[in-house]
Structures are given as structure tokens and as C-alpha cells.
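All remarks here apply to the structure that follows.
This chain uses plain numbering: 1 for the first residue, then up along the sequence.
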Amino acid sequence: MQESNQILESKNTEIQNQKIKKSTKNKPTPKIFLTSKKGFFGKDKADKIAFGGCYVPEILYPSLKELQQAYKKFSNSKAFCKELKNLLKEFVGRPTPLIYAKKASQILGNQIYLKFEGMAHTGAHKINNAIAQVLLAKKMGKTQIIAETGAGQHGLAVSAACAKLGMPCKIFMGSRDIIRQRPNVFNMELLGAEVVSVESGSQTLKDAVNEALREWSKNPKEIFYVLGSVLGPHPYPDMVRDFQSIIGKEVKAQSKKFFKGNPDIMVACVGGGSNAMGFFSAFLKSQVELFGVEAGGKGEGKNAIRMGNKEAHIGIAQGYKSYFLSDEFGNLSETYSISAGLDYAGIGPQLAHLRDIHRVKFLFASDKEALEALEFFARNEGIIAALESSHALAGGIKIAQKVKNKKIIINVSGRGDKDIFITAKVLQTQKWKAFLKNEIESLGV
């Protein structure tokens, strides 16, 4: 997959104002695309751009057609759905809890609830999609599984799913991400996966996706690509959203235990967007305000902000049309975030559509704000969130400071065990340095 892609349209806007105004509820719109139409979200006319599509090398078209047909067949199969439901319950550990954040609610003057996907097996929402796709691959008669990963959570989930279902797997991961997410790499290998270090480009998630697509094109008849987010060529954006929709369905049922009706506001972090779309999907036609939180990084030039960024353009890359951080020629830009899972140049096509019709609003949180939110919820609620989820928590805090007496649910898409090599050296520099020194000495190095 070439790094350079033709830019179809430029959307140069100023980086968004971080001020969140008091709630003005969006009315449902008939123009909303709950699923794609022939692989596209939105209408390609006037100023409404159709996002999505299936822009891949010709060699992959038969495999994607096969996947589209297989997904339609098995998603309507009672036997497949029953087997998946049992795996989600017995292996994944669903449902995950919805937790009332009492102290945070008192401090922030709103009712704060946390959907804690960190309680799912392997520590994040990624396992919902991974176990479903690996099961689908097995039903299709595929013999090899490949996947990309950024923060390592998707790679870990796929590795666990393959171990459970008896499938060999290969995980592509940027060498930069391998260094900062070593605990997940160790666990992937422990589960029997082969982890391939990607040395090209910025050595992060976008490069891992490129290498996975190249690998798939070598042997598409035998290989099944378990894509981890709501992006890539059709049918992946629809399929991954559907497999993650269990999150929103659970929230809809669980919220009834705390209050009647729906929440006022829902907040999720957004890299590619799988946790956000799973979380939002059951509420798209409701009056609930939906917010996506992107990675603000260290500020201008060192971030992963796609929505409302003058450096973001509509283009085609990695099989789909959406907003990408890129130069004027369509070359994807290097991105930055303390969170490997949000360090990505593109965004899922359905989220791009939902943003353009004003159904989902976007804001961003800096590295500093995410770390502060991590500490705040750890000390007040006893929850250690992943750095990705900490961006959602930071966004939730910003919103809560501008409204009062609202019911706000934040999706904590993963727990923070995996981030210890990042967070410890920032939050407890000297103690972490002493620990590492002792560890090195104990190895006799």
C-alpha cells in the first residue's frame, strides 16, 4: 500500500476551540448513516463527502468480496451467534461493569459513570472484535491469522483469541511501539504469537497497518486479516463496529439500574475509533450528546488531531476515504501521542461522517491532561485507566466543568497495566530509575 495517496479535497480549518459550551442537544437527523451503503457513509454531493470505500490492490478484491459474503452469512447464523455469545460470556467475561464514580461526581458537580472495559479478558475492549473475527476466520476455513497493533491491546487480544481457537497468528507492530509497550509484546509472545517489528516510516500504527496489508496480499486465500479498528476497506468499518456494539448495548441496559432513560452525555477516546463506535452505536438515533476525544499530544505539530486541524485533509489511504493528517501531496504525516493507541494519522470513515453531520462532537486532550486525568480517577475512584482511556477521562472532566447536573458516561476502554513503562517514568521518575537500575544489576548486566 503506497504511502502517497491523491488528496481528494482539502478541509483546512483552525484547530478546534477547547471550550465546551453548555449542552444543546442534537436532534436525530434522517441523513445519519447507521451502517454503510455499498461501503460508504454519507452522500457524495454538495459539501457532504461519502467516506469509506474499498480502495485496495486488485489482488485483494476477491478476498474482501469473500469476507463481505461470509460476514453477512455468519452474522445471520443462529449457531455462529450462539457460539460467539458463549465466548463473550465465558472467555471474554462480559458484561463489563458500569460504575458510578461517586467522588468524581461530587467534585465535578455531575453524575459521572464509567463503563470499564478494562475488566474484559486481556484488559481492553479489543477482545470483543478479536474473538469474533478469529471465529469467523475459522468458519471460513482460513489457516493463518495476521493483525496490526499500536498499543499492543489489539495484538494481545488477537493472540489470546488465536490461542483459544487454535489458530497460528502473526502480529505486525511498529518498532517504536514495541519499545514503549514491552509488557504487551511479552504477553503476545507468551500466547504463541509471532511479533514482527516494523521498521519503516514512523514505526508506529500506520506503518504496522501497511505491512499487514502487504502480508495479506501475498497469500489472500489462506490469510485472514483481523483488522483492529473501524477503518480500512469495506466491510471492516461495519464489521468491527458491529462486533464492538456489545459495549453500547450493555450500557443501554445497565444505565437503567442507575437512572431512567438515557444519559445526557457520552464520551470516548478516538484513535481509529473502534471503542467509540461500539460505545456510541446504540445511541446514534437518540438525543444523547456524543463526544470523541483525540490525542492533543504536546501541541501544534506534535499531536494526532484529525478533526478540525488545518493539517488534516480528506484523502484515501490504507483502503478507505476519510480525514488524514497529511501533506499537500497526500503523504501521511508523522503523528505523536503519549498513547500508542491514539498515535494514528487517520480516523474511521463512519466517525468522519458523524462529525460532518454534527452528530458526534470532537475535542482533544494533551499528554499532560491525560496524565492528570489518570491520576485523578486512580486516586478518587480506584481505577487505573489506559493512556488511551485517560484521554476520554480528560475530555469528560473538561465537559463536566462546563455543565451541571448532567448524567455523563465515559468509556474506559482499557486498563493501564500495559503503560507502566510510560507512566512510571513520567510520574515517578526517580523511583522508576532506581527500580530499573536494580533490575539490570540483578541480571548481572
Are side-chain N/O atoms of [X] and [Y] paired as donor and acceptor at under 3.5 Å?
X: N262; Y: S255; value: no
X: D367; Y: Y336; value: yes
X: D356; Y: Y323; value: yes
X: Q203; Y: D177; value: no
X: N129; Y: Q244; value: no
X: Q153; Y: N184; value: yes
X: D238; Y: S36; value: yes
X: N405; Y: Q111; value: no

Are [X] and [Y] close enough that some pair of their side-chain heavy atoms sits under 4.5 Å apart?
X: F364; Y: N309; value: no
X: W216; Y: S63; value: yes
X: L98; Y: E250; value: no
X: S326; Y: H313; value: yes
X: V240; Y: M277; value: no
X: F279; Y: L290; value: no
X: H234; Y: L64; value: no
X: F362; Y: L351; value: yes

Would you give the length of the straight line joining atom [atom1] of [X] to atom [atom2] of [Y], rounded to the nearest 0.5 angstrom?
X: E194; Y: S159; atom1: CD; atom2: OG; result: 11.0 Å
X: M140; Y: Q133; atom1: CE; atom2: CD; result: 10.0 Å
X: I383; Y: I410; atom1: CD1; atom2: CD1; result: 10.0 Å
X: D419; Y: E388; atom1: CG; atom2: CD; result: 6.0 Å
X: L114; Y: N411; atom1: CG; atom2: CG; result: 9.5 Å
X: C169; Y: I146; atom1: SG; atom2: CD1; result: 10.5 Å

Would you call [X] and [Y] a salt bridge, using N to O less than 4.0 angstrom?
X: K138; Y: E83; result: no
X: E117; Y: R94; result: yes
X: R176; Y: D207; result: no
X: K310; Y: E300; result: yes
X: K398; Y: E369; result: yes

If only atom types and distance count, is the side chain of [X] paired as donor or acceptor with the main-chain N or O of [Y] below 3.5 Å?
X: Q350; Y: F33; result: yes
X: K115; Y: T96; result: yes
X: N110; Y: V403; result: yes
X: K418; Y: G152; result: no
X: E294; Y: R306; result: yes

L67 vs M239, test: side chain to side chain contact (heavy atoms under 4.5 Å, CB included). Steps then yes/no.
CA-CA 10 Å; L67 178 58; M239 186 168 67; 4.0 Å; yes
Going by the angle between their ring planes, with limits at 30° and 60°, are F80 and F74 parallel, tilted or perpendicular?
tilted
Give the ring-plane orientation class for Y71 versus F243, where under 30° counts as parallel, over 60° as perpendicular and anything between as tilted.
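Y71 and F243: perpendicular rings.
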For Y344 and T204, what are the C-alpha separation, side-chain angles and deciding distance, and is it a side chain to side chain contact (heavy atoms under 4.5 Å, CB included)?
CA-CA 8 Å; Y344 180 62; T204 56; over 6 Å; no
Examine [X] relative to [Y] and say whether NZ or CZ is less than 6.0 Å from the centre of the six-membered ring and inside a 45° cone about the ring axis.
X: K142; Y: Y225; value: no
X: K252; Y: F283; value: yes
X: K407; Y: F259; value: yes
X: R214; Y: F172; value: no

Counting neighbours of [atom1] on [X] that are heavy atoms of other residues, nucleotides or ligands and sit closer than 6.0 Å, is the number greater than 12?
X: M119; atom1: CE; answer: no
X: K368; atom1: NZ; answer: no
X: I384; atom1: CD1; answer: no

Candidates V293, V360, I347 - the one meeting side chain to side chain contact (heavy atoms under 4.5 Å, CB included) with V270:
I347
Which atom of G42 lies closest to which atom of A50, heavy atoms considered:
O-CB, 3.7 Å
K126 and its side chain to side chain donor-acceptor pair (under 3.5 Å) partner, picked from S229, S274, S413:
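Exactly one option meets the side chain to side chain donor-acceptor pair (under 3.5 Å) with K126, and it is S274.
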